[in-house]
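Before any comments, here is the structure.
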There are 2 protein chains.
Amino acid sequence: MVETARRKRGGGGAARRAARTSQKVVTAPVIQRRIADYEVLNEEALEIIERNAETVLEEIGVAFVENPAALKRWKEAGADVQGERVRLPRGMARELCAKAPSTFTQIARNPERSVEIGGRNLVLAPVYGPPFVRDAGGRRYATIEDFRTFVKLGHQSPWLHHSGGTVCEPTDIPVNRRHFDMLMAHMTLTDKPFMGAVTEPSRARDSIEMCDILFGGLEDRTALISLINVNSPLTFDSIMIGALEEYAAANQACIVSPFIVGGAMAPVSVVGTLTQVLAEVMAGVAYAQLIRPGAPVVFGAFVTSIDMNSGAPTFGTPEAAQITYGAGQLARRLGLPYRSAGSFCGSKLPDAQAAYETANSLNAGLLSGVNFMLHACGWLEGGLVADFEKFVMDADQLGILHRMAQGIDISEAGQAMDAIREVGPGGHYLGCAHTQAHYETAFWRTGLLDYKPYETWLEEGGRDTRALASVKMAAMLDSYEQPYLDPAILDGLRDYVARRTAEMPDAHI
Amino acid sequence: MVETARRKRGGGGAARRAARTSQKVVTAPVIQRRIADYEVLNEEALEIIERNAETVLEEIGVAFVENPAALKRWKEAGADVQGERVRLPRGMARELCAKAPSTFTQIARNPERSVEIGGRNLVLAPVYGPPFVRDAGGRRYATIEDFRTFVKLGHQSPWLHHSGGTVCEPTDIPVNRRHFDMLMAHMTLTDKPFMGAVTEPSRARDSIEMCDILFGGLEDRTALISLINVNSPLTFDSIMIGALEEYAAANQACIVSPFIVGGAMAPVSVVGTLTQVLAEVMAGVAYAQLIRPGAPVVFGAFVTSIDMNSGAPTFGTPEAAQITYGAGQLARRLGLPYRSAGSFCGSKLPDAQAAYETANSLNAGLLSGVNFMLHACGWLEGGLVADFEKFVMDADQLGILHRMAQGIDISEAGQAMDAIREVGPGGHYLGCAHTQAHYETAFWRTGLLDYKPYETWLEEGGRDTRALASVKMAAMLDSYEQPYLDPAILDGLRDYVARRTAEMPDAHI
């Protein structure tokens, strides 16, 4: 299941480079589902939601705020534009969405780590956005050093295919320069694919320019995927959409993702929420296709419920799972790759609550047909915290998704009739020929969890999962080796950052 | 969703009894699934497994150990009996299985708590069998007082429909009398349905006799469900089968349940394991139908993988989930109620590992169509430990299964178009009419987990899930009220136990 990344060997410089870049890190290929998706909505429900979403776009419309160029584009495309409100005739958004590819490749600088997003694939990326980090020592504001540590952990994780984006907010770096440090970390500390900046259109341009350097000329290849949140309900702000405009124009991928705490940004019902999600995604994706027909996009759905007592978002809930399954069905009918689910939890600690909530979401994510799972590990406290221990714990669980997705071997070896004959009633299988031949690959193996005898476990300190994760994290960082990067490319990146930074006014945190 | 148990009011004694038995405990009705089952096996795989299981029964056969009467019954029914080995002609077992009901009612002494097992229902029962208990103070041997505490907690749990059986082993009571104390606890401390003893045929008879007293004459009604483990591979021992014989003859329900640690008691492959499970269940169920055609039975599957390093069973694994889904499909094709999944985990503590593993299994259990989920809460350390905190934590998660199973409301209220119109782009839903009308029932609510603001949480001690569960457990026991039982019935039960105990030789633990 896990294959060692291999490099082609050539003569001269290529051979030397190959030797230097040969890696110990073993990363699993992208998950290719050989199992069915779970469907929670029947045809009637799907049709109701699709019809209602068209009604929302036609009657209520969406707002494109402080973005005259967008309003102009919409008008030219045939939408009804009144002020900042854009109303789309029935069918118009769906027709535009049909121009988007159902699957696309995001390249990585290690070509074996390029990922295909869409179809039956599932790509796993780490947590995104927390201003805080937590480790055994407690919670604190995140720094660029924390960021780099997460990128290294992601590089070392066999089940993560993607380095993600804002794994945590490096709050010690001025906001207008933060994206440079984050991009440099993703570009130099790992060779997995990564995400672009969205906090300013100019930062999206920087992301693209730096990729152009990293990849020696992008030439329309997709090297970035970026998270464009919809300001739900039904609002697209000029910053996020400005970034989308940059990315779409350059054929870089955008996840159009309603950001919904149910009860606040959407109705307190599953069908109502799905209707709004569909309307928002269709409007955002359609707009990306107005910018550049065929621009790669992803149907995103970040949906939680609200705790009506505290007003806090809740995670791992049945409503979130139902929406995750339902949105997957809607995305497939729209022919778009799907992003949802993750290591979501509301807990303040990487404890049982965190794990129940996370497992509930990961399981729904796998069976709902998610193609790109952002936040697949490390999320804590409603996304306020990127937790080092939980990152390691969740990442271990991601191995389960890989195995589940393989489906079931019905070959003669899988049928194991010889083994049943050999062992017979009352025997045991430990020593039989079939077991000897297959035990090494028969079962998923944790790289973290404890199955030792009670006495051994007690002697070793009676450690809980957090303590085990802390030890594992140290081992992962200890064995980390930076992947080779051509010094000329590194210089090019540094020059670009130096030049752009020099253009900026002094900034304070 | 949760309905307060109501009692019909009548005049005189009935009214007084009603007043005394009116309860504060609110228990949810049995889960009625309005969602689809997840299918991991396609038709080809199902047919291979069914064909191979018939081959196992025909060529290899099953052993009925130290049970001449069973061998005689099989011979008379047309099986090929050689020594203790019973080989069944193709189709014979399936034909006998067809005599079993696809659904049956297990009565409770509170008729509103009777449960229908089979069809689209899911009945939840607590952990079964651990010799140890654990609470905040650590791990220790279980006592009858621990047992009673668990029965009270189960009585108080809104999401548990069933009081279970050997919730923990009361190791302070002699083995030959233990079943009396356990049955008395289930009969007197709760009015939910419960399980019978299986450690001796005579103890099964005691269980039935005591139910006859409790219910004022059973008259063929099913008041007990009991766990008959198959001694996998392919072996039925005389004690378990002796208990099954007693129960089936009295129309009491038996779960015929292969007990499999994959790699030890079954092949290291999913299809091989499912083949053996199917053969074993078919043989056991067929035998129950030889005892009494139409006797209620359940297709059981307890399946874990083995950690090939330590030899320990593992839980929450992808292979276990695949088998859980697959066995559900096989059970439905056989027309039998299905038992599998639970709060399984290998962890020594109710920590993140325990919760990941448990959630993985609970999710698979819901979507695989399980009808009776034993071990639905409280399991720890591979089943060696019944954990008080985890019992409370898991029981809270069971609420999620109830909600998920409800499916999705596509009514006008569910569509919420009025709300989307009312709020419009950029608004929020907190105060809108639809939210006001539905927020109380819109989302599943935890009775345990923490969603407080960080500062509040910190001020209150920064508690993890275990600490919260400990507090909740105390509150549940504090508000516990014993349900009314007619003193004449209680006397009858006590007399029976005294008489039977007097017949026994002195016993030591």
Side-chain angles (χ1 to χ4, degrees), chain A residues 38 45 48 52 56 63 233-235 264 267-272 305 307-308 310 312 314 317-319 322 346 348-353 355-356 359-360 363 393 397 400 403-404 408 410 414-417 419-420 423-426 428-430 434-435 438-439 442-444 449 451 457 464-465, chain B residues 38 45 48 52 56 60 63 233-235 264 267-272 305 307-308 310 312 314 317-319 322 346 348-353 355-356 359-360 363 393 397 400 403-404 408 410 414-417 419-420 423 425-426 428-430 434-435 438-439 442-444 449 451 457 464-465:
Chain A
Y38 183 70
I48 287 172
N52 286 351
V56 169
L234 301 170
T235 303
V268 289
S269 78
V270 168
V271 169
S305 310
D307 175 10
M308 285 292 182
S310 68
T314 57
T317 63
E319 294 80 22
Q322 288 173 331
K348 316 290 187 294
L349 296 171
D351 59 0
Q353 173 177 346
Y356 284 125
N360 288 344
N363 279 286
M393 289 153 53
Q397 288 288 300
I400 293 177
R403 191 55 174 252
M404 265 299 288
I408 290 173
I410 59 169
Q415 293 180 42
M417 285 298 280
I420 300 176
V423 172
H428 73 77
Y429 287 83
L430 289 172
H434 181 270
T435 302
H438 298 288
Y439 79 91
F443 301 129
W444 167 74
L449 303 180
Y451 290 110
W457 170 80
D464 67 5
T465 321
Chain B
Y38 183 71
I48 287 172
N52 286 351
V56 168
I60 305 167
L234 301 171
T235 303
V268 289
S269 77
V270 169
V271 169
S305 309
D307 174 11
M308 285 293 182
S310 68
T314 57
T317 64
E319 294 81 21
Q322 289 173 331
K348 316 289 188 293
L349 296 170
D351 59 1
Q353 173 176 346
Y356 285 125
N360 289 344
N363 279 286
M393 288 154 52
Q397 288 288 301
I400 293 177
R403 190 56 175 253
M404 266 298 289
I408 291 172
I410 60 169
Q415 293 180 42
M417 286 297 281
I420 300 176
V423 172
H428 73 77
Y429 286 84
L430 289 172
H434 181 270
T435 302
H438 299 287
Y439 78 91
F443 302 130
W444 166 73
L449 303 179
Y451 291 110
W457 170 80
D464 67 5
T465 322

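All chains are named by letter (A, B, ...) in the order of the sequence lines, taking the proteins before the strands, and each is independently numbered beginning at 1.
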Options A:Ile48, A:Leu449, A:Asp464, ranked by heavy-atom pairs under 4.5 Å with chain B, top entry: A:Leu449
Side chain to side chain donor-acceptor pair (under 3.5 Å) partners of B:Tyr451, counting only residues at least two apart: A:Glu357
Considering all heavy atoms, the nearest A:Pro267-B:Ile420 contact: CG-CG1, 3.7 Å
Which atoms of B:Asp307 approach chain A - backbone, side chain, both or neither, heavy atom under 4.5 Å: side chain
B:Met393 vs B:Pro350 side-chain heavy atoms within contact, under 4.5 Å: yes
Between CG on residue B:Asn52 and CD on residue A:Gln415, distance to nearest 0.5 Å: 4.5 Å
Which residues share a side chain to side chain donor-acceptor pair (under 3.5 Å) with B:Ser305, sequence neighbours left out: B:Thr317
Most contacts with chain B, counted as non-hydrogen pairs under 4.5 angstrom, among A:Tyr439, A:Tyr429, A:Phe443: A:Tyr429
Largest heavy-atom contact set with chain B, pairs under 4.5 Å, which of A:Val270, A:Val423, A:Thr235, A:Asn360: A:Asn360
Taking every non-hydrogen atom, the tightest pair across A:Gly424 and B:Pro233: O-CG, 3.5 Å
When A:Ala45, A:Ala419, A:Gly272 are compared by non-hydrogen pairs under 4.5 Å with chain B, the top option: A:Gly272
Considering all heavy atoms, the nearest A:Val56-B:Met417 contact: CG2-CE, 3.9 Å
Heavy-atom contact with chain A under 4.5 Å, split by part of B:Asn363: side chain
Residue B:Glu319 versus chain A: region with a heavy atom under 4.5 Å: side chain
Residue selection (most heavy-atom pairs with chain A, distance under 4.5 Å) from B:Gly414, B:Ser310, B:Gly346: B:Gly414
Pick from B:Gln322, B:Lys348, B:His434, B:Met404 with the largest number of heavy-atom pairs that fall under 4.5 Å of chain A: B:Lys348
Among the listed options A:Ala442, A:Ala359, A:Ala416, A:Ala352, the residue most often paired with chain B at heavy-atom distances under 4.5 Å: A:Ala352
